[in-house]
Amino acid sequence: TMLGIITTDALVNTDVWRKMVQIAVNRSFNQITVDGDTSTNDTVIALASGLSGSTSISSLASYEAIELQSCLDAVMQGLAKSIAWDGEGATCLIEVTVTGAESEVEAAKIARSVASSSLVKAAVYGRDPNWGRIAAAAGYAGIHFLQSKLCIRLGDVLLMDNGQPLAFDRAVASGYLRKAGEIHDTVGIHISVGEGSGIGRAWGCDLSYDYVKINGEYTT
Amino acid sequence: ASSTLNEASNCIPVAPIFLPEGPWKEIPGGVTAAKGFKAAGIYGGLRATGEKPDLALVTCDVDAIAAGAFTTNVVAAAPVIYCRHALDNSETARAVLINAGQANAATGDAGYQDALECVDTLAMLLNLKPKEVLIESTGVIGQRIRKEALLNSLPRLVNNLSSSAEGAGSAAVAITTTDLVSKSVAVESQVGGTKIRVGGMAKGSGMIHPNMA
């Protein structure tokens, strides 16, 4: 289960605040995954006291709303990423960035598909730069893109370009994964699917033996 | 109270928070960084093992504009059903009570009554209307809240409320379950030329694939 409480002293009306919170949730908590199980209890409650003395925000399109939205996004993304980082049994955080999609929503969906893949997660734990599993998970996300436009980069190592696997340095790519795992750092998977302006991110973690151990012992 | 909160906030390490870059500045305080908020986290005897804090409270001095996003899982826990209903009927809230240990999910009518009783008791202690109190639960699915332990702990929880960073830290610890670290962050930025703060805390480690609406 994930729970979140967000507070602010900005002054904002109810309709705008509720829309802003859902937008931020979609850009953060709804973009994380640890094990693919949706809890019965997931909740985010966000409270705005209005005590800062700021001018009241009554339009989502106002400059002030955009400023507050960016703060809200930042706080929720910071917290969401820390949940993925702390995933049960995880040795590293996985950040999947998708660019070139037709929209933010499409990019986000592809990113989460890759972050959710048990095979990608297991490959990261196995320190295996497995571009095929990443490509497959992007492909079944339910978003159309041309395979010939698919590019995949792991950290700084380009694994696939324009749909063609490259002769990358396997030791370097594997070492990147190993180092991240040793210090519980972040593994970056960058995927480009075309020339669209849609950018989306999702966060997950690797899948280790400890995940099964923890949940085999956490009984109902 | 200060000592209790300090001990509570040091129970487990603090998570590294990977804030995106932007015009904001990270500041201490988590959920209590913004003006008007207090928080506390204490051990109330709800957890099956250990004495890590398991009961948290966040309050606002004024009627706070309230928003919620909840699991879209059809099998929703009692607190989720309660909060959805509360926010459908009220634009504001004053307090959020969170327990760790039992999720109060798949507990049927009895579990919902437990949630209502916890809300009513806390509302009475805070001199609020029940509809101004929201509730969240996390822990083992299928188990009802250890209600007596929770209700008996509420006066102490209220007495520990603090606008300090320790208050926020202790609350962030109290909502954890299998988490190895507590998650809390706050930022300060400008909105329309006025300084504002946004803070937050979260928990989560397993059973994580949110799809909230």
Side-chain angles (χ1 to χ4, degrees), chain A residues 1-10 12-14 17-18 21-22 25 29-30 32-55 63-64 67-68 70-72 74-83 85-88 116 214-215 218 220, chain B residues 15 17-20 22 24 31 34-37 58 60 62 64-71 73 75-77 80 91 93 96 98 103 105 134 136-138 140-142 175 178-181 183 185 187 189 191-192 194 196-212:
Chain A
T1 296
M2 66 132 299
L3 300 180
I5 303 277
I6 307 296
T7 56
T8 184
D9 47 21
V12 56
N13 81 18
T14 309
W17 182 236
R18 290 185 172 183
V21 168
Q22 184 62 52
V25 164
F29 296 117
N30 278 354
I32 60 170
T33 182
V34 168
D35 47 21
D37 274 298
T38 299
S39 172
T40 49
N41 291 59
D42 291 336
T43 300
V44 172
I45 289 171
L47 304 174
S49 71
L51 294 175
S52 65
S54 61
T55 51
Y63 183 69
E64 290 80 7
E67 286 181 318
L68 181 58
S70 65
C71 289
L72 199 56
V75 165
M76 288 204 204
Q77 281 184 7
L79 292 169
K81 285 158 75 173
S82 71
I83 291 174
W85 182 89
D86 194 24
E88 285 170 345
S116 304
I214 291 165
N215 283 288
Y218 195 71
T220 298
Chain B
I17 302 287
F18 309 99
L19 273 179
W24 41 81
V31 287
K35 285 179 187 166
F37 293 96
V58 178
C60 187
V62 298
I65 298 298
F70 304 98
T71 183
N73 192 326
V75 181
V80 169
E91 294 186 354
V96 187
I98 309 116
L134 301 173
E136 300 180 16
S137 295
T138 181
V140 182
I141 284 179
I175 65 174
T178 56
D179 307 53
L180 299 178
V181 290
K183 292 118 181 145
V185 70
V187 300
S189 193
V191 166
T194 304
I196 63 104
R197 290 176 167 189
V198 181
M201 64 179 184
K203 65 82 52 180
S205 184
M207 203 179 197
I208 301 292
H209 192 79
N211 185 18
M212 294 180 286

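Just so we're on the same page: letters track the sequence lines, and every chain starts at 1. Computed from a predicted structure; not experimentally measured.
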Next on the checklist: Within the 3.5 Å criterion, strictly below it, is a donor on A:T33 or B:H209 matched to an acceptor on the partner's side chain?
Outcome noted: yes
Item to check | Minimum-distance pair of heavy atoms, taken over all atoms of B:R197 and A:D9 | outcome: N-OD1, 2.8 Å
Checklist entry - Looking only at heavy atoms, which two atoms of A:L3 and B:E136 are closest? And how far apart? => result CB-OE1, 3.3 Å
Checklist entry - CE of A:M2 to CD1 of B:I175: how many Å apart, nearest 0.5 Å? => result 9.0 Å
Item to check | Side chain / backbone / both / neither for A:F29 at chain B, heavy atoms under 4.5 Å | outcome: both
Checklist entry - Considering only heavy atoms, which portion of B:V62 lies under 4.5 Å from any heavy atom of chain A: side chain, backbone, both, or neither? => result side chain
Next on the checklist: For A:Q22, I'd like to know if atom CD has over 12 heavy atoms of other residues, nucleotides or ligands within 6.0 Å.
Outcome noted: yes
Checklist outcome for this item: Cut-off 4.5 Å, heavy atoms of chain B, and the answer for A:W85 is side chain
Item to check | Pairs of heavy atoms under 4.5 Å with chain A: top-ranked of B:C60, B:A93, B:S137, B:G199 | outcome: B:G199
Checklist entry - CG of B:N73 to CG of A:D42: how many Å apart, nearest 0.5 Å? => result 8.5 Å
Checklist entry - Does any donor atom in the side chain of B:T178 or A:E88 lie under 3.5 Å from an acceptor atom in the other side chain? => result yes
Next on the checklist: For B:L134, which atoms come within 4.5 Å of any heavy atom of chain A: side chain, backbone, both, or neither?
Outcome noted: side chain
Next on the checklist: Tell me which of these, B:A69, B:A105, B:A76, has more heavy-atom pairs under 4.5 Å with chain A than the rest.
Outcome noted: B:A69
Item to check | Under 3.5 Å: donor-acceptor pair, side chain of A:R18, backbone of B:A66 | outcome: yes
Next on the checklist: Tell me which of these, A:S116, A:C71, A:A80, has more heavy-atom pairs under 4.5 Å with chain B than the rest.
Outcome noted: A:C71
Checklist entry - Which bit of A:V25 comes within less than 4.5 Å of chain B, counting heavy atoms only: side chain, backbone, both or neither? => result side chain
Checklist outcome for this item: Between A:T43 and B:F70 the two heavy atoms that sit nearest each other are CG2-CE2, 3.4 Å
Item to check | Heavy-atom side-chain contact between B:I208 and A:I32 under 4.5 Å | outcome: yes
Next on the checklist: As an exercise, state the distance from NZ of B:K203 to OG1 of A:T1, rounded to the nearest 0.5 Å.
Outcome noted: 5.0 Å
Checklist entry - Is there side-chain contact between A:E67 and B:S189, with heavy atoms separated by less than 4.5 Å? => result no
Item to check | Contacting region of B:F18 [heavy-atom separation from chain A under 4.5 Å] | outcome: both
Checklist entry - Can you tell me if A:S39 uses its side chain to pair, donor with acceptor, with the backbone of B:M207 under 3.5 Å? => result no
Checklist entry - Which region of B:T194, side chain (C-beta onward) or backbone (N, CA, C, O), has a non-hydrogen atom less than 4.5 Å from a non-hydrogen atom of chain A, or is it both or neither? => result side chain
Next on the checklist: So for B:V58, is it side chain, backbone, both, or neither that comes closer than 4.5 Å to the heavy atoms of chain A?
Outcome noted: side chain
Checklist entry - Between A:T7 (side chain) and B:V31 (backbone), is there a donor-acceptor pair under 3.5 Å? => result yes
Item to check | Proximity breakdown for B:V198 and chain A, heavy-atom pairs closer than 4.5 Å | outcome: both
Item to check | Minimum-distance pair of heavy atoms, taken over all atoms of A:V34 and B:S205 | outcome: CG1-O, 3.4 Å
Next on the checklist: As an exercise, state the distance from CD1 of B:I65 to CG of A:L47, rounded to the nearest 0.5 Å.
Outcome noted: 10.0 Å
Checklist outcome for this item: Honestly, the part of A:V21 sitting under 4.5 Å from a heavy atom of chain B is side chain
Item to check | Side chain to side chain, B:T138 and A:N41, heavy atoms closer than 4.5 Å | outcome: no
Item to check | Approximate separation, where rounding is to 0.5 Å, of B:K183 NZ and A:L79 CG | outcome: 9.5 Å
Item to check | A:L72 side, atom CG; B:W24 side, atom CH2 - distance, nearest 0.5 Å | outcome: 10.5 Å
Checklist entry - Top residue by heavy-atom pair count (under 4.5 Å) with chain B, among A:D35, A:I6, A:T55? => result A:D35
Next on the checklist: With a 3.5 Å distance limit and no angle check, can you tell me whether A:T38 reaches the backbone of B:P210 through a side-chain donor-acceptor pair?
Outcome noted: no
Item to check | Minimum heavy-atom distance between B:G200 and A:V75, given as atom pair plus value | outcome: N-CG1, 4.2 Å
